[in-house]
Amino acid sequence: MSKKNVLTVKNLNKIYSKNGSKTVNAIKNLNLEVKEGEIFGLLGPNGAGKSTFINILGGSVMKSSGQLNVWGFDIDKNPRQVKASIGIVPQEVTLDPFFSPRKLLDLQAGLYGIKKKDRITDTILKLVSLEEQANSYARSLSGGMKRRLLIAKAMVHQPPIIILDEPTAGVDVDLRKTLWENVKSLNARGVTTILTTHYLEEAEKMCDRIGILNKGELVALDTTKNLLERIQTKIVSFLIDKKSNIINKELSSVKVIADDENKLIISYEKSKISIDEIILELKKEHIKIFDISTDDGDLEDVFLRLTKD
Ligand code: ADP
Ligand code: MG
């Protein structure tokens, strides 16, 4: 059962040319597909071209070449239908401080020509947990609430696709979690979600598939699971009954991180040695193992490898 593509990007290029100074090739021959219902993450270091891509979709930046199809509409032939199909949550928070969330959503609905009776203001406010603040001035909202209000604003015309540019940049850890939950619940309602982030943890927790952009080039495109599989370095800690001599053994790729009476922490490359072989070495020393825990590493390993110069 294959789901249909809701976004198809073919040979997309963006060259910024500034007067007098040299040009910036911000997107280089990007090819990408996003499927209905998924959470797709576009990752990359600062300057990778993430916002440029989002802004091309949103219509505020003109592509230099290539094709973009959103929800079945070509961006060159049907720009209005493309606009109606997506809700964009921009990277920068820009809100009129004297509008309340309800007022702001009503204005936005007006902009999209949505009749009063067809508006779902309360539903949206509830979705982003801002019911209680519905009538407060935007300036009195916390940073996290403002972000949520921007998400709400992007939902007003009920687009099937929502695109979030760095949704949690500058948001503290607790609020980040709340935001993730909000986005997940939107997605659970069937909204295809595309987000950019440079927080790897965010991508790992949220995204079904990930594309990694580096200097305008797509350097990886895979499921989050497969990308994590590529991680080679594993860390394992053992709770043991006496000090091990493993540090003095020549075991391929094994590095000792901590080496106490009761605790041994090592790292190893899974292509070089298996956990079985390591356990066997400890058994040879007649060491009792009370507990083993492993740290699978995270996307950071993959990311650093793919985006380093
Ligand atoms: P990201 O969002 O991944 O941090 P951006 O899309 O903002 O990356 O930027 C990609 C590249 O394009 C950077 O080199 C940036 O300096 C350049 N760039 C972005 N916007 C403009 C612009 N309006 N004019 C010229 N260069 C730009
Ligand atoms: Mg950006």
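Read the numbers this way: they start at 1 and go in the same order the structure lists the ligands and their atoms.
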### Query
So, the side chain of N31 versus the backbone of N11: is there a donor-acceptor pair under 3.5 Å, distance only?
yes
### Summary
Contacts satisfying salt bridge (charged side-chain N to carboxylate O under 4.0 Å, His left out) that involve residues 116-135 (not counting sequence neighbours) are R102-D122, D106-R119
### Query
Can you list the ligand 1 atoms lying under 4.0 Å from a non-hydrogen atom of A48?
1 (P), 3 (O), 8 (O)
### Task
Could you label the plane-to-plane angle of the F98 and Y137 rings as parallel, tilted or perpendicular, counting under 30° as parallel and over 60° as perpendicular?
perpendicular
### Query
Going by distance only, is there an N or O of G49 that falls short of 3.5 Å from an N or O of ligand 1?
yes
### Query
Taking distance alone, with no angle check, do G47 and ligand 1 share an N/O pair under 3.5 Å?
yes
### Query
Can you give the angle Q91 OE1 - the Mg ion (ligand 2) - S51 OG, rounded to 10°?
70°
### Query
Nearest protein heavy-atom contact for atom 23 (N) of ligand 1: which residue, which atom, what distance?
Y16 CE2, 3.7 Å
### Query
D260 and K243: salt bridge (Lys or Arg N to Asp or Glu O under 4.0 Å), yes or no, with the steps?
CA-CA 6 Å; D260 302 335; K243 198 171 161 74; over 6 Å; no
### Task
Identify, by atom number and element, the atoms of ligand 1 in contact range of N46, meaning under 4.0 Å from any of its heavy atoms.
4 (O)
### Query
Any Lys/Arg nitrogen of E181 or K184 sitting under 4.0 Å from an Asp/Glu carboxylate oxygen of the other?
no
### Task
Taking the side chain as every heavy atom from C-beta outward, state whether Y199 and R176 have any pair of such atoms under 4.5 Å apart.
yes
### Query
Heavy-atom distance from atom 16 (O) of ligand 1 to the protein below 4.0 Å?
no
### Query
For ligand 1, which atoms have a heavy atom of A26 less than 4.0 angstrom away?
11 (C), 12 (O)
### Message
the Mg ion (ligand 2) and N46: any N/O/S contact shorter than 2.8 Å?
### Response
no
### Message
I'd like to check atom 11 (C) of ligand 1 in this structure: does the protein have a heavy atom lying under 4.0 Å from it?
### Response
yes
### Query
Got an N, O or S from T196 under 2.8 Å of the Mg ion (ligand 2)?
no
### Backbone N/O of E166 and side chain of T196: donor-acceptor pair under 3.5 Å
yes
### Query
Is the closest basic N to carboxylate O distance between R139 and D96 below 4.0 Å?
no
### Message
Give the atom numbers and elements of ligand 1 that come within less than 4.0 Å of a heavy atom of V24.
### Response
12 (O), 14 (O), 17 (C)
### Close-contact set for ligand 1 against S51 heavy atoms, below 4.0 Å
1 (P), 2 (O), 6 (O), 7 (O)
### Query
Is there a side-chain contact between T52 and N55, using heavy atoms and a 4.5 Å cut-off?
no
### Message
Does only the side chain of T52 get under 4.0 Å from ligand 1, or the backbone, or both, or neither? Count heavy atoms.
### Response
both
### Message
For a 4.5 angstrom cut-off between non-hydrogen side-chain atoms, does L43 reach T197?
### Response
yes
### Query
At the 4.0 Å heavy-atom cut-off, does P45 count as touching ligand 1?
yes
